[in-house]
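Worksheet: one structure, shown below.
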Amino acid sequence: MGELSYQDACLSIRVGADEVEILSERLWQLGTLGIEERSVGMEVQLIAGFDSAVAADFAAARLKKFAVVEEFASGTHLDHWRNFATIYRAGNRLVVKPPWVAYEPSPVELIIWIDSGRSFGSGSHPSTRLALAELEQLLEGNESLLDVGCGSGILSVAAARLGAIDVLGIDIDPSAMRVTEENARANGVEEFVRCSIMPLEEVDGSYDVVVANMLASTLIQNADVLIKRVRAGGRLVISGILDSQIGIISEVMKPLKVLKAQQDETITGSWVCLCFG
């Protein structure tokens, strides 16, 4: 294919039906923007969108399976993944809905309108749904909350809808700030949600709740600062890890202790959300 570019790209890989969930999990971990599934005889073709051929090739190398990386000439192809958007439920009453998807909620459901753009955080990933469910149980109203790696702002917006009145979402991706602000406005909570591209170590003060939906390696690297941002008596919500990583994450978050663990048991290689205090 020659030298890889930073144009939009997709990765295509054929797997057996019993491998779909495992490979999909790995693709989410490796940064896909969305996954389409197509039946091809006895196999399933997974087509995963990435924001560059470099990222798609990196993912293919980590999967250690034959995969085809296809580059696109413009950013319009990434919007193709919007066609596969749907609603996602989290907790007892949260429903995450893209603005263009029709849905009639029940009286008890709380709708979170999210257009994730090209940021991680549509609500489709198990780690996001686990974090949402934990926030639903944790927040009672009037809390301050720090959302580390806010992406689309889904956790920040949901927190404000659940009663948090001082929400700061931070992310190193400048586009995340714009998307978070737009989603906060769409949900009518812009007065409660701030966002910034400042690094975690530059955040001042402490918060009632700190939430970080990240891969284990990033959580380990930032453990000390995460702990410092939690107010005395506050809670640290960690998602984005697998059940096999609970031990190491619990160790690096000391002196905070695990108060509760939620697990997504619908897929192989279960994702876990931990609440520390």
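Side-chain atoms of R235 come within 3.5 Å of backbone N or O of G233 as a donor-acceptor pair. Between the side chain of E136 and the backbone N or O of N92 there is at least one donor-acceptor pair closer than 3.5 Å. Put simply, the side chain of N187 never gets that close to the backbone of V189: no donor and acceptor are under 3.5 Å apart. With R14 contributing its side chain and Q45 its backbone, the two residues share no donor-acceptor pair below 3.5 Å. Judged by distance alone, with hydrogens and angles left aside, the side-chain atoms of R161 form a donor-acceptor pair with the main-chain N or O of I111 at under 3.5 Å. In this structure, Q137 contributes its side chain and E134 its backbone to no donor-acceptor pair below 3.5 Å. The main-chain N or O of S127 is found under 3.5 Å from a side-chain atom of S239 such that the two form a donor-acceptor pair. Between the E201 side chain and the P199 main chain, no donor and acceptor come within less than 3.5 Å of each other. D208 places no side-chain N or O within 3.5 Å of a backbone atom of G234 that could act as its donor or acceptor partner. Between the side chain of T218 and the main chain of M214, no donor-acceptor pair closer than 3.5 Å is present.
Taken from CG in L135 to CG in L145, the straight-line distance is 6.0 Å, to the nearest 0.5 Å. Note: D173 CG to I197 CD1 = 9.5 Å, rounded to the nearest 0.5 Å. The line from CG of L46 to OG of S12 is 8.0 Å long, rounded to the nearest 0.5 Å. Going from atom CD of E109 over to atom CD of E104 covers 10.0 Å, rounded to the nearest 0.5 Å. A distance of 10.0 Å separates NZ of K97 from OH of Y103, quoted to the nearest 0.5 Å. How far CG of L200 is from CD1 of I172: 11.5 Å, rounded to the nearest 0.5 Å.
The closest side-chain heavy-atom distance from Y207 to L168 is below 4.5 Å. For the pair E37/V20, a side-chain contact is recorded, criterion being any heavy-atom separation below 4.5 Å from C-beta on. Put simply, the side chain of I246 reaches to within 4.5 Å of the side chain of V272, judged on heavy atoms. Contact annotation: the side chain of R231 never approaches that of L146 to less than 4.5 Å [non-hydrogen atoms, C-beta and beyond]. Between R229 and S206 there is no side-chain heavy-atom pair separated by less than 4.5 Å. At least one side-chain heavy atom of W271 sits under 4.5 Å from a side-chain heavy atom of L242. Here the side chains of I249 and F276 are in contact, with some heavy-atom distance below 4.5 Å. A heavy-atom distance below 4.5 Å is not found between the side chains of R38 and V44.
Checked for salt-bridge contact, E181 and R194 miss the test: no charged N lies under 4.0 Å from a carboxylate O.
For the side chain to side chain donor-acceptor pair (under 3.5 Å) criterion with S156, the lone passing option out of D147, T180, D171 is D147. Looking at I114, I154, V193 one by one, the single match for side chain to side chain contact (heavy atoms under 4.5 Å, CB included) with N183 turns out to be I114.
Scanning all heavy atoms of the two residues, the minimum distance from L130 to Q263 falls at CD2-C, 4.0 Å. Here the closest non-hydrogen pair linking L11 and A56 is CD1-O, 3.2 Å. Of all heavy-atom pairs between C273 and A131, the closest is SG-CA, 4.1 Å. Considering all non-hydrogen atoms of both residues, G169 and C150 come closest at C-SG, 3.7 Å.
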Determine whether L274 and V237 satisfy the following criterion, side-chain contact (heavy atoms from CB on, under 4.5 Å), listing intermediate values before the conclusion.
CA-CA 6 Å; L274 303 176; V237 177; over 6 Å; no
Stepwise, does the side-chain contact (heavy atoms from CB on, under 4.5 Å) test hold for I248 with V252?
CA-CA 6 Å; I248 181 62; V252 299; 4.2 Å; yes
As a quick check of understanding, evaluate side-chain contact (heavy atoms from CB on, under 4.5 Å) for I13 and L63, giving each step before the final call.
CA-CA 10 Å; I13 182 170; L63 291 175; 4.3 Å; yes
Show, in sequence, the C-alpha distance, side-chain angles and deciding distance for V203 and I170, and conclude whether the side-chain contact (heavy atoms from CB on, under 4.5 Å) test is met.
CA-CA 9 Å; V203 175; I170 62 171; 3.9 Å; yes
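The cluster map of Ile, Leu, Val, Met, Phe, Trp and Tyr, joined by side-chain heavy atoms under 4.5 Å apart, puts L132 and I112 in the same cluster. Using a 4.5 Å cut-off between side-chain heavy atoms of Ile, Leu, Val, Met, Phe, Trp and Tyr, with links allowed through other members, V210 and L215 fall into different hydrophobic clusters. Hydrophobic cluster membership is shared by V209 and L110, with clusters built from Ile, Leu, Val, Met, Phe, Trp and Tyr side chains linked at under 4.5 angstrom. In this structure, V96 is a member of the same hydrophobic cluster as V211, with clusters built from ILVMFWY side-chain heavy atoms closer than 4.5 Å. Criterion: ILVMFWY side-chain heavy atoms under 4.5 Å apart, direct or through other members. Under it, V258 and L256 are part of a common hydrophobic cluster.
Applying the side chain to side chain donor-acceptor pair (under 3.5 Å) definition to pairs two or more places apart or across chains, none involves residues 219-228.
A search for salt bridge (Lys or Arg N to Asp or Glu O under 4.0 Å) contacts involving E190 returns nothing, not counting sequence neighbours. Every side-chain hydrogen bond (donor to acceptor under 3.5 Å, both in side chains) that E251 has, sequence neighbours left out, goes to K254.
A donor-acceptor contact under 3.5 angstrom links the side chains of T128 and N213, judged on distance only.
For CD of E140, the number of neighbouring non-hydrogen atoms (other residues, nucleotides, ligands) closer than 6.0 Å is 12 at most.
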